[in-house]
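Notes follow once the structure below has been shown.
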Amino acid sequence: MAISEVKSLVQALSKEYNSPNPDLAKCGQYLSKLKIALIELQYLTHEDRHNNIEELTLARDVLEIGAQWSVRTKDIPSFERYMAQLQTYYNDHRDLPPSPLEYNLIGLNLLCLLSQNRISDFHTALEMIDPEQLHNNPAIQHPIKLEQSLMEGSYNRVWSSRSDVPSKEYLFFIDILMDTIRNEIASCSEKAYTSLPLKDAGTLLFFTNMEDILNFAQERNWKVNPAEQKAYFHSDADEKISIPADQIIKQTMFYARDMDRIV
């Protein structure tokens with residue numbers, strides 16, 4: 001594919017993706033064609049053969065749309081692949097015009113690592129960010145503050161962060177974090193209580209409507225009593241434990257006889 005055709009395809013992709021109601025399937029088709037074209041033109045390889053600023057910027061723009069598209073289609077492996085390719089443009093091609101999406105996507109990548117509990121990778125990624133951006137850029141500060149809240153157990157701040165995201169793509173990874181947090185709270189609640197009123201369970205789990213509470217209760221195999229509006233938890237303590245008394249007594253007697261022989 002000639003570079004002129006690539007430019008036309010990028011324009012079509014950008015127009016569709018940035019429309020008020022983009023057709024994500026159509027965007028995926030554009031991206032598939034563009035990835036093949038860019039590989040053929042060697043813009044997605046590690047070989048440093050290109051110095052055309054306009055064409056390098058074009059390739060970077062495609063990867064940035066691809067990364068955002070991956071989040072909107074909830075495809076984490078695809079997002080990670082696009083971000084791995086973008087690192088070359090962000091780190092090795094600083095001569096390119098600055099991208100307004102760069103730090104927003106870097107922040108998204110941090111949040112992706114955090115949502116997967118890859119804390120070591122999270123801190124490694126932080127070390128690669130320009131110190132000024134690290135301390136002052138809202139898109140970078142957002143995942144940093146989330147990580148601090150998680151370490152402190154301030155789950156309400158994680159939930160509240162939904163109202164102050166740098167872009168709507170951040171909500172996808174925050175929802176993954178909230179699912180992890182809810183299951184952690186549920187596990188603690190099951191150990192601490194035999195039952196909870198549904199309203200109280202909803203408050204603890206940051207649910208805002210009854211349908212979500214009931215769906216979560218079903219996933220956790222809680223028994224819900226509609227009349228009492230309570231959720232009853234399954235407890236391991238409720239299970240009868242069989243103690244092999246005869247076997248224990250025989251084993252104890254055996255040890256006692258052996259001790260007599262030693263003495």
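All residue numbers refer to positions in the sequence shown, counting from 1.
Side-chain atoms of Q68 do not come within 3.5 Å of backbone N or O of E169 as any donor-acceptor pair. Proximity of a side-chain donor or acceptor of S160 to a complementary backbone N or O of N156 within less than 3.5 Å is detected. A donor-acceptor distance shorter than 3.5 angstrom exists from the side chain of N91 to the backbone of Q87, with no hydrogens or angles considered. In this structure, N183 contributes its side chain and D179 its backbone to a donor-acceptor pair below 3.5 Å. With hydrogens and angles disregarded, a donor-acceptor distance shorter than 3.5 Å links the side chain of N18 to the backbone of S14. Panel note: side chain E102, backbone P98; no donor-acceptor pair is recorded below 3.5 Å. A donor-acceptor distance shorter than 3.5 angstrom exists from the side chain of S8 to the backbone of S4, with no hydrogens or angles considered. Listed for the T73 side chain is a donor-acceptor partner under 3.5 Å among the backbone atoms of S70.
Here the straight-line distance linking atom CD1 of I53 with atom OG1 of T57 works out to 6.0 Å at 0.5 Å rounding. Put simply, CD on E190 and CG on L196 are 10.0 Å apart, with the number rounded to the nearest 0.5 Å. Between atom CD1 of residue I106 and atom CE of residue M83 there is a gap of 6.0 Å, rounded to the nearest 0.5 Å. To the nearest 0.5 angstrom, L110 atom CG is 10.5 Å from Q141 atom CD. Distance CG/L150 to CG/L177: 5.5 Å, rounded to 0.5 Å.
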List the steps and the verdict of side chain to side chain contact (heavy atoms under 4.5 Å, CB included) for T194 and Y232. CA-CA 6 Å; T194 57; Y232 288 86; 5.7 Å; no
Which is it for R157 and E152 under the side chain to side chain contact (heavy atoms under 4.5 Å, CB included) test, yes or no, and what are the steps along the way? CA-CA 10 Å; R157 291 214 300 263; E152 295 168 5; 2.5 Å; yes
Can you check side chain to side chain contact (heavy atoms under 4.5 Å, CB included) on L205 and I213, steps first, answer last? CA-CA 8 Å; L205 298 168; I213 299 171; 5.8 Å; no
How far apart are the C-alpha atoms of K199 and M210, what are their side-chain angles, what is the distance that settles it, and do they pass the side chain to side chain contact (heavy atoms under 4.5 Å, CB included) test? CA-CA 8 Å; K199 185 177 179 181; M210 186 58 66; 5.7 Å; no
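Residues K223 and K230 form no side-chain contact, since every pair of their non-hydrogen atoms from C-beta on lies 4.5 Å or further apart. Under the 4.5 Å side-chain criterion, counting only non-hydrogen atoms from C-beta, I176 is in contact with I76. C188 has its side chain out of reach of K191: every pair of non-hydrogen atoms, C-beta onward, lies at least 4.5 Å apart. Between S187 and R220, some side-chain heavy-atom pair lies under the 4.5 Å cut-off. Residues I174 and S161 meet the side-chain proximity criterion, which asks for heavy atoms closer than 4.5 Å. A 4.5 Å side-chain heavy-atom check between N109 and L105 finds every atom pair outside the cut-off. Taking 4.5 Å as the limit, some side-chain heavy atom of L214 sits within range of a side-chain heavy atom of L198. A 4.5 Å side-chain heavy-atom check between Y82 and L31 finds at least one atom pair inside the cut-off.
Under a cutoff of 6.0 Å and an axis angle of 45°, R162 and F206 do not form a cation-pi pair. Relative to the ring axis of F207, R182 places its NZ or CZ within 45° and under 6.0 Å from the centre.
In this structure, N225 and A227 approach most closely via the heavy-atom pair OD1-N, 3.0 Å.
Under 4.0 Å is where a charged nitrogen must lie from a carboxylate oxygen, and between K7 and E55 no such pair does.
In the hydrophobic clustering of ILVMFWY residues, with side-chain heavy atoms under 4.5 Å counting as a link, F79 and M128 come out apart.
Here Y90 and Y103 keep their ring centres 6.0 angstrom or further from each other.
For D121, the side-chain hydrogen bond (donor to acceptor under 3.5 Å, both in side chains) test picks out R118, with sequence neighbours left out. With sequence neighbours left out, W222 forms a ring pair (Phe, Tyr, Trp, His ring centres under 6.0 Å) with F216, F233.
Inspection of the N215 and D212 side chains reveals no N or O donor paired with an N or O acceptor under 3.5 Å. When only modelled atom types and interatomic distance are considered, E16 and Q11 share no side-chain donor-acceptor pair under 3.5 Å.
Remark: E211 CD is loosely packed, at most 12 non-hydrogen atoms of other residues, nucleotides or ligands lying under 6.0 Å away.
Classified by interplanar angle (parallel below 30°, tilted 30° to 60°, perpendicular above 60°), the ring pair Y170/H142 is perpendicular.
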